[in-house]
Amino acid sequence: MVDYTLSDYHERSKHRVNRYAPGPGQLDWANQPNPFRYYEGSTRIELPLLADVLETDYSALRCGRLPAPHLLSLQSIAILFELSLGISAWKVYGNTSWALRCNPSSGNLHPTEGYLGTAGVRGLPAGVYHYVSGDHSLERRGEWDAPVEFRGLILGLASIAWREAWKYGMRAFRYCQHDCGHAIAAVSYAASALGWRARLLAAPGDVEVAALLGLDRDVASAESEAPDCLLSVSVSELGLAKLPPTPTRWHGEANSLSYDHVEWPDIERMHRLSGKPHLYRKPTDPVSVSHETAGKPARNLPAAQIFRQRRSAVAFDGSTTISADAFFAMLDATLPRSDVPPWCTWPWVAEVHLAIFVHRVDGLDPGLYVLVRNPDAVAPLKASLRSDLLWHKIGPPELPLYLLVASDLRDAARLISCHQDIAADSCYALGMLAHYKIAVNKPWRYRVLYWECGMLGQVLYLEAEAAGIRATGIGCFFDDEMHALLGLRGHVWQSLYHFTAGGAVDDARLTTLPGYAFAESRSASSS
Ligand SMILES: Cc1cc2nc3c(=O)[nH]c(=O)nc-3n(C[C@H](O)[C@H](O)[C@H](O)COP(=O)(O)O)c2cc1C
């Protein structure tokens, strides 16, 4: 297709009430992609399992009270990965078992791969490493022939779209970006729990990310990985790590994840169209909220526990309620603060707002609310949404939350979420309204909008756990039904991700095992 545009993809990948976005039809189970990538032939370094020793409380972290920085060591790097991209549990049903990770993923397909560039760490030769969550190890992919000046940590993320496309077809490109956002936030939280700061580097373009992570090499026979982003981790006095040079020697060959592949040309086009260029201008600093974090979570648990107990609810009880204060506290955690994870990691201005269906919040009318995360967006949103909305300010004075419609909207929320009951039986469901217009002329920003949505999702997942309820990301929604409800026309605002949280009903048929049950001896021997 000549002149393929962002809106071609966006429209074609929308689910509609009378027609879902093009997908594979039925699932070819024999061809299901391997959830773990390995670089065969590379040197493997087993990481110790030490996250249990971390004393940081989640309630301190969510207010930006970080512990004293841990020393940069193989041990602390191991904790960083264990609590961000590591396996958090195994689920067992009959003869089938599957791994869950600290970072959620649409359909549990986990397209996101993690990388590390480091030098100057005892026990870890300088180089670029690939993280294998399956056995919590690092594979040494790249090294430099001569000593490099670079010191510190650079984390890299990349996506294997085929893992998502196998199940979801064309819409998979969106899900890869959501998942990347969840992973960015997971890294940000884990780094902060170690007293470190992670910062997403706005400048590097895709070509530089691919070159540094070795994504532009050696994948001829295997599924390619699309570069996502680099995060610089500031470890005590070292400050933010500068980018290392591209390694001069590479090791290992990527494993093939499936024996066969289905081509999704729209995804290929999107990879090209939304490629991120190098940015020479520093982005405008995000507006940081100045007020203290509102409210406390109901439970004060270790951050490591919250990160690893995070799960998606598969059903809600339709009766659990939360207090208005707990609800306000969760929303407050989504506001951009330059000193609080995960927003301390985010270099861009907030461009995504929450349109919330409140179902079961004590003291709040059921109805439609909006949380405007950037004060500059209030007027444009008012101008774009239906003209008969109330816009009544609700909650603590500093929380930019407005009641738009007081009404029971459970049926609407269920319908919009592809008829999923989780959107109606919960305490709340929401759609993430993104300033889509900014991506029309700069399609790389389309990916960034989804990353911001994924980060919001990660905040809300963790906040739900801390409040004693549970959440679920919703990638399956009828885009234009949501827009119609809000009275949105055209392509200025688009809802890019949905979400819900409530009182979870567990599936009693499943058994849960710890993430690295088979490797427990490693923690004892390395501590
Ligand atoms: C981007 C995204 C979209 C998702 N969409 C749905 C959805 O539409 N319906 C649903 O029941 N779960 C959805 N989930 C939840 C995933 O299925 C879940 O994260 C995955 O199975 C892994 O389980 P865990 O979150 O408990 O680790 C979504 C998760 C993500 C991150």
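Counting convention: from 1, in listed order, for ligands and their atoms alike.
Checked against Tyr131 for a side chain to side chain donor-acceptor pair (under 3.5 Å), the options His136, Arg37, Glu139 give a single hit: His136.
Between Arg163 and Glu223, no side-chain nitrogen of the basic residue sits less than 4.0 Å from a carboxylate oxygen of the acidic one, so the salt-bridge criterion is not met.
Checked against a 6.0 Å centroid threshold, the rings of Trp348 and Trp343 do not count as neighbours. The aromatic ring centres of Tyr20 and Phe478 sit less than 6.0 Å apart. Here the two rings, on Tyr9 and Phe173, have centers that are under 6.0 Å apart.
There is a side-chain donor-acceptor pair under 3.5 Å between Asn108 and His110. Between the side chains of Tyr461 and Ser312, a donor-acceptor pair is found at a separation under 3.5 Å. Using modelled atom types and a 3.5 Å distance limit, the side chains of Ser13 and Arg174 yield a donor-acceptor pair. Side-chain polar atoms of Glu463 and Tyr58 form a donor-acceptor pair below 3.5 angstrom.
In terms of polar-atom proximity, Ala313 is not counted as a contact of ligand 1, lacking any N or O under 3.5 Å from an N or O of the ligand. Residue Leu100 has no N or O atom closer than 3.5 Å to an N or O atom of ligand 1. In terms of polar-atom proximity, Thr472 is not counted as a contact of ligand 1, lacking any N or O under 3.5 Å from an N or O of the ligand. Backbone and side-chain nitrogen or oxygen atoms of Asp179 are examined, and none is located within less than 3.5 angstrom of a nitrogen or oxygen of ligand 1. For ligand 1, the polar-atom distance check against Cys476 finds a nitrogen or oxygen pair separated by under 3.5 Å.
A parallel orientation is assigned to the rings of His435 and Trp493, their planes being inclined by less than 30° (bins at 30° and 60°). Classification of the Tyr38-Phe36 ring pair by plane angle, with boundaries at 30° and 60°, yields tilted.
Nearest-heavy-atom check against atom 16 (C) of ligand 1 across Gly473, Ala89, Ser105, Pro104 picks out Ser105. Heavy-atom proximity to atom 22 (C) of ligand 1, evaluated over Asn108, Ile87, Asn103, is greatest for Asn108.
Scanning the protein heavy atoms around atom 19 (O) of ligand 1, the nearest turns out to be Ser312 OG, 3.1 Å. For atom 3 (C) of ligand 1, the nearest non-hydrogen atom of the protein is Gly475 N, 3.4 Å. With hydrogens left out, the protein atom closest to atom 17 (O) of ligand 1 is Gly107 N, 3.5 Å, a heavy atom.
Listed by number with element, the atoms of ligand 1 under 4.0 angstrom from any heavy atom of Gln420 are 7 (C), 8 (O), 9 (N), 10 (C), 11 (O). Atoms of ligand 1 found under 4.0 Å from any heavy atom of Arg310, numbered from 1 in the order shown, are 24 (P), 25 (O), 27 (O). Below 4.0 Å from some heavy atom of His178 lie the following atoms of ligand 1, by number and element: 1 (C). Taking a cut-off of under 4.0 Å to the non-hydrogen atoms of Arg311, the atoms of ligand 1 that pass are 26 (O). Which parts of ligand 1 touch His182 is read off a 4.0 Å heavy-atom cut-off, strictly below it: atoms 31 (C). Close approach of ligand 1 to Ile474 is summarised as follows: ligand atoms under 4.0 Å from at least one heavy atom of the residue are 5 (N), 6 (C), 7 (C), 8 (O).
When non-hydrogen atoms are compared, ligand 1 lies under 4.0 Å from neither the backbone nor the side chain of Val314.
Heavy atoms of Tyr497 approach ligand 1 to within less than 4.0 angstrom.
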